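A short worksheet on the structure shown next.
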Amino acid sequence: MKPHRRKKLTIIAFIATGLSVAIGLSLYALSNSIDLFFTPTQVAAGEVMNGQRIRVGGMVKEGSVVRSQDSLHVEFMATDYSHDLLIRYDGILPDLFREGQGVVAEGMMANGSFEASRVLAKHDENYMSVEVKAALDAAERDRALPAAETEGAADGS
Amino acid sequence: MSDSHIHNPDASGAVPLLRAHALFCERDDRVLFSGLDFDVQAGDLMQVQGSNGSGKTTLLRILCGLNGSYEGELYWRGVPIEEDREGFLASLLYLGHRVGVNKILTARENLRWSCALHSPVTDNDIETALARVGLAGYADVICRNMSAGQQQRVSLARLLLNPATLWVLDEPFTTLDVHGVRTLESLLAEHVLAGGAVLVTTHHPLAVPCTLRRLNLDTRGANNS
Amino acid sequence: MWQWFFRLGSPKWFYELSGRWLPWLVVAMTVLLTIGIVWALLFVPADYQQGDTIRIMYVHVPVASISLACFPLMAVAGVITLVWKMKLADMVAKCAAPIGAWFTAVALATGAIWGQPIWGTWWAWDARLTSMLIQFFLLIGVIALRSAIESPDAAARACALLSVVGAINVPIIKYSVEWWNTLHQPASSFSMAEDSPFGPEIWVPLVIMIFAVYLFFVISLILSTRTEILVRERRSQWVVDLVAADKTQGA
Amino acid sequence: MTALAGPQVTTFTAFRATLRRDLLIALTRRNDLLNPLMFFLIVVSLFPLGVSSDPQELTRIAAGTVWVSALLASMLSLDNLYRADYEDGSLEQLLLSPQPLYFMVLAKNIAHWLVSGLPVVLLAPLLAYMLYLPADAYWTLMLTLLLGTPVLSLFGSIGVALTVGLGSRGLILAVIVLPLTVPVLIIGAKAVADASLGVSLGMHYALLGALLALSLSLAPLASAAALKISVN
């Protein structure tokens, strides 16, 4: 082999090795799951220390939002459907904050409840017009009704 | 001393060492040269001439591959240079305006590094070469403490250490004193007489005991004198 | 194929072709833009969660998709510049950088305006905004490098190289930023299937707007590339003839 | 003197000689060695003054502070990488050597990391202590910096190579290079922050390692191409 050919091959071999190591390591990394925020279950399990700044994510439990009359203080329960966590917050909630929607709160645990310094709404990827949403909700309500009535409703629609 | 290792496979002169064909280069919308053709044969000492700004340095840098903004073809021993650049670089020695001598290192350290890129040398070789260019005893002097001419001489010591066939020298005489000029002239003559080739730009009239070819960039033509 | 490819590299050819196409592109853009804007502002139903805020999507999404396409475009032009030394590719890359930077800036601004009612803050360090911001910095870097290097030839190749390096990094940056913070909603799929979360009354105007904004980008790019061609080729015969013809026409 | 076309130098010899030369230059010029380190120390000590001296708050920002400062310190020392060589013409000699520029650039980058990155890694625990970083995050800090600072040198090398021929390059280098270093910063700082949360860190190390492998193999290629453009 000519020397310059050999040198070129050395470079290519070097690059190929580097790239395969990089790909291997990133595949390994991707196979690990990541926790972006703590769930109420993890908090309940005592994975979080008091005074440690964390981020908690969950759904706002239906009917749990209590707004103060004379201040911006608000309290609600975040749930992952197996455990609930009481979140307290002083401040303006985003538009999309509503019951049954996802929420992410930053702050720290204090006396068994979560003092949030910031609350962010996590909106889903579904865009629907108001009417479509109403129709879907109606359909869902219909499905919840006894079978006979559902049939009737389906005929009617 | 530099002559023994240069063997000349093209003694017939059929294939020139370096051939430039239809070179064209413009800079800042100004044509430096166009349609430039010339050959460099083994045993040639070619002086590139031209007024200031005529593109002498640019031409040398194009030939070495330091400047890629040109059109035209370049052949080394009949093969287009880009096809075997490493083979070409192995037989090339270029000394530019900037001498390539690090001021923090000593002469020996500088030469040891630049030779490690080309061919292995011993400390003894380095001292011999330095002595030949008039720097006997300066091997371990830090280059910052040398004069410009002395730094240039350190750089010239490469001519003796590197077994290159083609020397491309850009204004190598500028900072040299009379004695240095004479040393360099004799080095050039020895090299071409041993079958090497030299391309050199200088405004200094060369006094060498061999034929001198001239390439004039103002008249765009090569001629023998 | 190759012949066509290299003919494309001729600035003169591009100048003449683009001159013929330009009026049609402008007409198409005007029509699409008018339909898209009127439809999006007046006829698209309000979203069940976001209300009328959703309408900013019709600007944000097309503009953001252009900004994302800009770096790959510059990288492709960069590869062509480095490998085939095609002048036109560099001119396009040079013109695409500032336009792309403007689009990125608009995407960031509309993202912020959208974010204010939705997230409750003008700026959130969410994955998409952050990676968009960093991409903006990368673009600024390319523009800064271009203006710092005096020799146009060296600038062309240096910027081409930086664009390629940047384009390799964009996905890495995007991934790492997403990994760092995934607060934004995942990318919605634009499927036309019936079970798509988008009803056709939502996505049809969006598609129209995307086409309109793409056309706007292409037209801006062509216009500024034409200027660049004239400047760089000012010494070539065809430009001299063109200017002379223009003068006699004017007189 | 060696006769007849001279025995060829192996690439490895040239690689070693270049590495040796750059280390020799750096060790001779102590300033090059000390300045980035002092800069690192000073920047980190500015944070408590600017933010707060409250240990809890400092603990929270410690990881990011050390990482950002390491990034800036390595940026500061980048200019040494090719500038002197460009000015005295050694760079031309390097470009005209028959050895692959790829490995020569790699040698120079390694030398740069040894004199600017490694000291930062070694000094980091001291600064981490001053910022009240939890003790269980020390090893993570060292290890992530060990994996991350070479990436900074390698990426930075591309930027320096692109700008080495420019008269006024002060800030443009930072504008070009800093955005490219975002992934390293994110992953490195996150790993240190997560270390005190007791999260498993295998993934962070794997990602940093992947970045290192990627930049080790591809960045010298880009730097070599950039040098050729700049010397033009």
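Letters A, B, ... are given to chains in the order of the sequence lines, protein chains preceding strands, and every chain is numbered from 1. From a predicted model like this one, the values you see are computed outputs, not experimental measurements.
- Put simply, CD1 on D:Ile186 and CD1 on C:Ile173 are 8.5 Å apart, with the number rounded to the nearest 0.5 Å.
- Heavy-atom distances place both the backbone and the side chain of C:Ile134 under 4.5 Å from chain D.
- In this structure, chain C has heavy atoms under 4.5 Å from both the backbone and the side chain of D:Ile187.
- No more than 12 heavy atoms of other residues, nucleotides or ligands shown are found within 6.0 angstrom of CH2 on D:Trp139.
- Contact tally against chain D (heavy-atom pairs below 4.5 Å) for C:Ile172, C:Asp153, C:Asn169: the top residue is C:Asn169.
- At a threshold of 4.5 Å between non-hydrogen side-chain atoms, the residues C:Leu138 and D:Ile176 do not count as touching.
- Around atom CZ of C:Phe211, no more than 12 heavy atoms belonging to other residues, nucleotides or ligands sit under 6.0 Å away.
- Of the residues listed (C:Leu145, C:Val165, C:Ile149), the one engaging D:Leu162 in a side-chain contact (heavy atoms from CB on, under 4.5 Å) is C:Leu145, and it is the only one.
- With a 6.0 Å radius and a threshold of 12 heavy atoms from other residues, nucleotides or ligands, D:Glu57 has its CD atom above the threshold.
- C:Leu161 and D:Ala222 make their closest contact through CD2-O, 3.4 Å (heavy atoms, listed as atom of the first residue, atom of the second, distance).
- Between atom CG of residue D:Leu208 and atom OG of residue C:Ser176 there is a gap of 10.5 Å, rounded to the nearest 0.5 Å.
- Atoms CG and CD1, on C:Leu162 and D:Ile229 in that order, are 10.0 Å from each other to the nearest 0.5 Å.
- Contacts between D:Leu178 and chain C at a heavy-atom distance below 4.5 Å are absent for every atom of the residue.
- Proximity of D:Val182 to C:Phe137: side-chain heavy atoms (C-beta onward) are nowhere separated by under 4.5 Å.
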